[in-house]
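Okay, so here's the structure we're looking at.
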Amino acid sequence: MTLLKRSDWYDIARDTNWTPSFVTEEELFPREMSDVFDVPREAWNVYDEPYKTSYREYVKVQREKDAGAYSVKAALGRMNFYKNADPGWLTILKAHYGAIALQEFAAGMSEARMARFGKAPGMRNMATFGLMDETRHGQIQLFFPHELVPQDRQFDWAHRAMHTNEWAAIAARQTFADLFSGRDAISVSIMLTFAFETGFTNMQFLGLASDAADAGDATFSNLISNIQTDEARHAQIGAPALKILIKNGKKEEAQKKVDIAFWRSWRLFTVLTGPMMDYYTPLAKRHKSFKEFMEEWIVTQFERNMLDLGLDKPWYWDIFLEELNDTHHGMHLGAWYWRPTVWWNPAAGASVADREWLEAKYPGWNDTWGQCWDVITQNVLAGRHDLTLPATLPVVCNMSNLPIVGRPGKGWAVRDYPVEYKGRRYHFGSEPDRWCFQQEPERYAGHQSLVDRFVSGLINPPTIPGVLAYMGLGPQDMGKDAHDYAWAESHRLKAAA
Ligand SMILES: [Fe+2]
Ligand SMILES: [Fe+2]
């Protein structure tokens, strides 16, 4: 059968706009679901998606992608790999699946919003494929860890995490609800697809895939780079929307939304990807640091993307560049210290050799973050593991819902950025976190961080065991040191030498 070339029919086929006669325009595209920028509907007619595909092509390619990922999984006899894998690597898998798998479904709902309420036919078309992409990502990232659940209950958190009040799950849920599910289609297109997906998913899905390949986990490496090929396509929904917003005099508002989404995404990556790359990945397999990955994937590429579109760098760019040296070290220290409160086993990554690597990648690490690890190491070597475990909760940021961290030791830089709003005091971990709140205080004011819930009496009994129960963590779920403190012995040998 002779087929027309896609370019011969695509523009006509995808133009599904019509003039409604039974309902009003406002009923068809309610402002709060569709476009809070109030760009006239005709202006969306010039929306031109850079990536064009047809349903026939899409299904064919996706079928091949799925077949590839599932057959690599089946061929490699994973069980042996996981029985012999470094515990730090298993930690990465558990943290990744729990944080990501269900949020893929949430991202699917956001794609669905663009597919229904986007005013540009091209956006609706791309987002329909995006919805199918995210459904696939959710399913495949639940299926892969599932076979590991009988070996290790923490893998069950691939499905459980987002249904609990565990602190990292609260942080992820509150952030993604703000950027993806609680916004109109046009805001979603620039906050989810442009800021989050073109900005950050490369880091998790390609940066980590290269670490996975080095660590010998071909199954996981193949899985996440396979997912990223979809992201690379549907992430392109946002850029043409930004062009239209800028052309219609909405640059300032669009810039603000990109800035909010970028900052909030950055914060989540400091607790998820930063520790994975600099601490959990076994040292011998670690090549680039988190900071180097960030500089390559985010600083250079995203900065160029923004400027090319006619946006500016976010106002906090210098703060962000400075944070590359510190924030994720603080998040890692916090996750390790509060390890019973996470569903993965944090690898300390603080052996003598690890510390040499950290000092080389982050000059000054030993005089700052290293000073905290000195004390922890002494306590571990003295058999006082009790002193390395939490007795209370950290101060938590009311925007990121993550601990407020700052550089310790020499060069001390720890501070809170508070705000009073309608009689309540809010605490923030940085100037940009506070700024996000100040842009739309009503949007965020009602949310209670884990610590707010603790203080207001929602968590009973108000003790660490009470908090662990509130977070849904049983004895088999709670994190412990991934290597059972073996890393500390290198310090004993060094001291003896
Ligand atoms: Fe996805
Ligand atoms: Fe996506």
Side-chain angles (χ1 to χ4, degrees), residues 49-51 53 58 61-62 65-66 68-70 93 95-116 118 122-145 158-159 161-162 172-173 175-183 185-209 212 220-242 257-258 261-262 264-266 268-269 272-273 297-298 301-302 305:
E49 66 279 26
Y51 195 107
T53 187
Y58 176 85
V61 171
Q62 296 304 96
K65 283 188 200 172
D66 257 5
Y70 284 94
L93 299 182
H96 171 93
Y97 285 126
I100 306 278
L102 255 65
Q103 291 298 343
E104 299 275 11
F105 282 115
M109 290 300 99
S110 311
E111 295 285 341
R113 180 157 310 165
M114 293 184 280
R116 164 61 183 85
M123 176 183 286
R124 297 199 295 267
N125 213 29
M126 281 193 85
T128 305
F129 296 124
L131 164 58
M132 290 188 280
D133 290 340
E134 302 297 16
T135 306
R136 181 175 93 92
H137 302 171
Q139 288 172 340
I140 200 167
Q141 287 176 100
L142 288 177
F143 183 75
F144 275 48
H159 197 278
M162 289 304 143
R173 216 162 46 217
T175 303
F176 290 145
D178 180 22
L179 308 188
F180 311 166
S181 33
R183 304 268 182 182
I186 302 305
S187 298
V188 169
S189 77
I190 63 177
M191 297 177 92
L192 164 61
T193 80
F194 180 73
F196 181 76
E197 289 178 336
T198 59
F200 282 91
T201 57
N202 269 333
M203 276 292 291
Q204 183 73 13
F205 288 90
L206 287 186
L208 201 58
F220 187 68
S221 175
N222 183 279
L223 167 68
I224 59 178
S225 46
N226 177 301
I227 287 172
Q228 185 60 22
T229 60
D230 296 349
E231 296 298 321
R233 168 170 34 74
H234 65 238
Q236 297 180 42
I237 295 174
L242 275 166
K257 292 209 160 144
V258 170
F262 183 89
R264 302 214 60 193
S265 307
W266 155 243
L268 274 190
F269 274 68
L272 183 68
T273 325
W297 292 104
I298 312 278
Q301 293 191 18
F302 190 67
N305 282 345

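Atoms within a ligand are numbered from 1 in the order they appear, just like the ligands themselves.
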**Report entry** Spacing of Thr201 atom OG1 and Gln228 atom CD [to the nearest 0.5 Å]
**Finding:** 4.0 Å
Report summary line: In this structure, CD of Glu104 is separated from OG1 of Thr135 (nearest 0.5 Å) by 10.0 Å
Report task. May I ask you to say whether Asp230 pairs ionically with Arg233, meaning some side-chain N is under 4.0 Å from a carboxylate O? Result -> yes
**Report entry** Exam field: side chain Tyr58 to backbone Phe129, donor-acceptor pair closer than 3.5 Å
**Finding:** yes
Query raised in the report: If waters are left out, how many protein N/O/S atoms lie within less than 2.8 Å of the Fe ion (ligand 1)?
Result: 4
Query raised in the report: Are any of the side-chain heavy atoms of Leu208 and Phe220 separated by less than 4.5 Å?
Result: yes
Report summary line: dist Arg173:CZ -> Ser181:OG (nearest 0.5 Å) comes out at 11.0 Å
